[in-house]
Structure formats: structure tokens, C-alpha cells
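Naming convention: chains lettered A, B, ... in sequence-line order (proteins, then strands); numbering from 1 in each chain. Computed from a prediction, not measured in an experiment: that's the story for all the values here.
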Protein chains: 2
Amino acid sequence: MMVINHNNWVMRMSFYTADSLKAELHERGWRLTPQRQIILDIFQNLDAGKHLSAEDLYDLLQTEGHDISLSTIYRTVKLMARMGILRELELAEDHKHYEINQPYHHHHHLICVRCNQTIEFKNESVLKIGDKTSKKEGYHLLDCQLTIHAVCPSCQRSILPVY
Amino acid sequence: MMVINHNNWVMRMSFYTADSLKAELHERGWRLTPQRQIILDIFQNLDAGKHLSAEDLYDLLQTEGHDISLSTIYRTVKLMARMGILRELELAEDHKHYEINQPYHHHHHLICVRCNQTIEFKNESVLKIGDKTSKKEGYHLLDCQLTIHAVCPSCQRSILPVY
DNA sequence: GTCTTATTGAGAATAACTCTCTTTTAATTA
DNA sequence: TAATTAAAAGAGAGTTATTCTCAATAAGAC
Ligand SMILES: [Mn+2]
Ligand SMILES: [Mn+2]
Ligand SMILES: [Zn+2]
Ligand SMILES: [Zn+2]
């Protein structure tokens with residue numbers, strides 16, 4: 001099911017099936033592979049609030065018996081982020097995290113810059129701002145993320161070494 | 001001059017002087033060095049809308065006759081970002097960019113995921129959301145950024161290769 | 001001026017990610 | 001169903017932004 005909201009942003013409201021993923025890939029001249037299907041499956045069934053790095057995803061796939069190479073994983077998550085299927089998150093660590101991009105569960109991140117503790121929060125107006133801004137400039141919206149950098153309560157209490 | 005807004009977020013409204021920078025460093029047991037002063041100076045006098053990578057900053061310093069090592073540059077921008085003096089931006093490229101963090105000139109970024117073209121835009125409510133959210137969780141706000149990932153008009157027209 | 005220790009500079013090390021190249025295979029067509 | 005073609009996968013080398021290490025320097029305190 002696809003829904004077009006009042007601002008004309010096409011939002012996918014339900015999960016992908018093999019067929020709907022295939023259709024979106026074929027639209028662009030690309031192919032549906034078992035690897036892509038399996039990777040999307042992982043993200044669609046991931047608990048809310050969980051993010052995976054490429055390495056995380058590799059390990060998870062291994063434990064489930066799927067031998068998908070790191071190269072393919074890197075290529076696939078980037079591809080899906082550029083399609084708007086996944087969100088590419090820059091949290092506090094030195095690598096990217098990915099999660100499914102579901103407008104219904106659209107949320108944002110509050111990050112402690114010292115201990116990297118991350119809190120998720122929802123805010124209805126952020127998506128509206130992203131929608132309005134991208135539309136105004138003629139851009140096709142894929143995702144918008146509000147990232148708050150801050151110092152958490154316990155880190156405020158401790159004395160901070162520079163390095 | 002420091003101003004406390006209605007939400008209690010301490011916002012620095014004016015430029016740092018050697019003295020005010022020194023004071024903030026000493027508060028944490030750190031030192032004011034010529035290198036830190038020079039680097040902050042660069043950012044404070046940078047044209048609005050310009051962002052510098054570590055490498056950019058290194059080159060700019062060289063042309064101005066300042067021999068500051070890359071190590072020091074990396075350490076300094078990270079330090080100042082964690083103090084809330086600089087904003088650390090994850091734009092579309094594979095390295096970070098930095099700019100001064102001035103609430104008066106607070107703005108956000110709309111990025112084309114295909115050609116990396118970036119548009120800056122302002123939105124008054126974003127800072128309010130960041131303020132409210134961090135306060136609610138007891139976090140000390142440093143910065144908040146809304147990043148919109150999208151496809152620009154000209155990239156929408158072109159046929160997309162996967163890689 | 002002396003002392004302590006944070007900071008700098010130089011270069012090595014790390015690691016996330018990309019690239020290259022060969023092999024495999026998805027999708028199309030006959 | 002078999003043949004064809006080009007996209008995608010896998011393996012591993014390569015790249016590069018960033019961090020780390022350590023000796024030398026210098027900021028700040030007394
Ligand atoms: Mn999340
Ligand atoms: Mn900017
Ligand atoms: Zn913390
Ligand atoms: Zn573009």
C-alpha cells in the first residue's frame with residue numbers, strides 16, 4: 001500500500017514484499033537478488049530502536065546462516081539508502097548505522113557527545129519541515145533527520161579529560 | 001555577552017575573544033594555546049555558508065603562514081565541537097566539515113544524495129525542538145541539525161547507474 | 001624562575017569503506 | 001527450455017580520513 005499525503009510525499013506505509021521490492025528495483029533497471037531480499041528482511045524485522053552497522057549486519061547474517069560478503073553488504077545498504085528504503089544514520093561512532101525508513105515510525109536522535117548514549121524521540125513537525133523544504137527546492141525527499149548533540153546528565157557530573 | 005533565552009539555553013551571541021575562550025578552557029582545566037586561538041579566529045571570520053574540512057583548514061592556515069600540524073587541527077576541531085563552539089557536519093562527502101556554532105545564524109542542510117549538492121536553509125522551530133527535547137531529558141544542548149536527504153531536480157532527470 | 005602536566009608535532013597505525021577483477025546469475029528473448 | 005547479456009556477488013587489495021604514540025615543548029600555577 002502506498003499513501004500520498006497532503007504534501008504529495010509518497011510514503012510507503014507497509015512492509016516490502018519480494019514483489020514490491022522487485023518492482024522498485026526494476027523501475028531503475030536493477031535486479032532483485034536473494035542477498036538484497038535477505039538484507040531488507042533483516043531490517044524490516046528489526047526491533048524498533050535498533051540500528052545496524054555494516055559489520056553488525058554481517059555478523060547477524062552469519063549467525064542466521066547467510067553467507068553474504070561484506071562488499072555486498074556495503075553496496076546494498078548504500079543502494080537502499082539512496083532509494084529511500086533505509087535511513088543512513090551518523091551517530092556518535094566512527095561508522096554509519098542503518099535502519100528501515102518507515103514514516104510511521106519516523107524518529108530522531110539525541111546523542112551525548114561524550115559517552116555516545118543515544119535517545120530516540122519523535123516529533124511530528126520535523127517531517128513536515130523536511131517535506132516543505134525539499135518541495136520548495138524541487139527536491140525529491142528521501143529522509144530527514146534531526147540530530148541533537150548534547151551532554152547527558154551523568155557526563156555533566158564527571159570531570160572531563162580532553163582525550 | 002551571553003544571553004539566556006526563555007528556554008534557559010545559554011546562547012553565545014557574540015564572538016569569542018582571547019579572554020572568553022581562555023575562560024571557557026580554564027573552566028575545564030584546559031589551556032589556551034596560540035593554535036587554538038588562531039583556529040577559532042579562522043572560523044569566526046569565515047563567510048556565512050562556508051564549511052571547512054580538517055584538510056581545508058590546514059591549507060588555509062598554511063596560506064596565512066600558520067604552521068599548525070594536522071594532528072593539532074583534528075584535535076582542536078573535535079575539542080571545540082564537544083564544547084559547542086563548532087558544529088560538526090556530516091555532509092555528503094567522506095569527511096567531516098566544521099563551522100562556527102552561532103544560534104543567530106543557525107541553519108540546516110538539504111543534501112542531494114546523488115550529486116552532493118547542498119542547500120542551506122533556516123527554520124526557527126528546529127532549535128526550539130532541540131532545546132525542548134534536550135531539556136526534557138536533562139541533557140546540556142550543544143547543537144542540533146536537521147539534515148534532509150533528497151534527490152535534486154537535475155539528478156531526478158538523469159538515468160541512474162547503480163555505482 | 002621552577003615545576004607540573006597539558007599540548008604540540010611527526011609519523012606510524014587503524015579501520016571504515018571503496019575499488020578492481022573474475023565469476024556467477026537474474027532477467028529477457030527466442 | 002536454452003541462449004544471451006549485463007548486473008551483481010565475492011575476494012581481496014587499496015584508499016584515506018582519522019586516531020594513536022611518544023618525545024619535545026610550553027602554558028599556567030606558585
Ligand atoms: Mn533510530
Ligand atoms: Mn552550513
Ligand atoms: Zn554521556
Ligand atoms: Zn543532485
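For the pair A:Arg36 and D:dA8, the criterion of a side-chain N or O lying under 4.0 Å from OP1 or OP2 is met. Look at B:Thr33 and you won't find any side-chain N or O under 4.0 angstrom from OP1 or OP2 of C:dT7. Residue A:Tyr74 places none of its side-chain N or O atoms closer than 4.0 Å to OP1 or OP2 of C:dT18. For B:Ser69, no side-chain nitrogen or oxygen approaches OP1 or OP2 of C:dA10 to under 4.0 Å. A close approach under 4.0 Å does not occur between any side-chain nitrogen or oxygen of A:Gln35 and OP1 or OP2 of C:dT25. OP1 or OP2 of C:dA27 lies within a sub-4.0 Å distance of a side-chain N or O belonging to A:His26. Applying the 4.0 Å criterion to OP1 and OP2 of C:dA27, one finds that A:Lys22 has a side-chain N or O inside that range.
A:Leu70 has its CG atom 15 Å from the P atom of D:dA13, to the nearest Å. Atom P of nucleotide C:dA27 and atom CH2 of A:Trp30 are separated by 14 Å, given to the nearest angstrom. Across the protein-nucleic acid pair, B:Lys96 atom NZ and C:dA16 atom P stand 12 Å apart, rounded to whole Å. Atom CG in B:Asp94 sits roughly 8 Å away from atom P in D:dT18 (whole-Å rounding). What separates OH of B:Tyr58 from C1' of C:dG11 is a distance of 13 Å, to the nearest Å. The separation between A:Ile73 atom CD1 and D:dG12 atom P is 16 Å, rounded to whole Å. One atom, NE2 of A:His95, and another, C1' of D:dA17, lie 16 Å apart when rounded to the nearest Å. Rounded to an integer number of Å, the gap from NE2 of A:His97 to C1' of C:dC17 is 15 Å.
For B:Ser53 and A:Asp67, each mapped to the nucleotide of DNA chain D holding its nearest heavy atom, the one lying further toward the 5' end belongs to A:Asp67.
Using a 4.0 Å heavy-atom cutoff across all strands shown, A:Ile68 reaches sugar-phosphate atoms only and no base atom. Within 4.0 Å (heavy atoms only), A:Leu32 reaches sugar-phosphate atoms of the nucleic acid but no base atom.
Salt-bridge check for A:Arg82 with A:Glu88: failed, with every basic side-chain N at 4.0 Å or more from each acidic carboxylate O.
A donor-acceptor distance shorter than 3.5 angstrom exists from the side chain of A:Gln156 to the backbone of A:Val151, with no hydrogens or angles considered.
A side-chain hydrogen bond (donor to acceptor under 3.5 Å, both in side chains) with B:His107 holds for exactly one of B:Gln102, B:Lys122, B:Glu120; it is B:Glu120. Partner of B:Ile39 under the side chain to side chain contact (heavy atoms under 4.5 Å, CB included) criterion, chosen from B:Leu52, B:Thr33, B:Leu60, B:Thr76: B:Thr76.
With hydrogens and angles ignored, a donor-acceptor pair under 3.5 angstrom links the side chain of B:Ser71 to the base of C:dA10. Residue B:Arg31 places a side-chain atom within donor-acceptor reach of the base of C:dT5, judged by atom type and a 3.5 Å distance cut-off alone.
For the residue pair B:Gln145/B:Asp143, the side-chain donor-acceptor check at 3.5 Å is satisfied.
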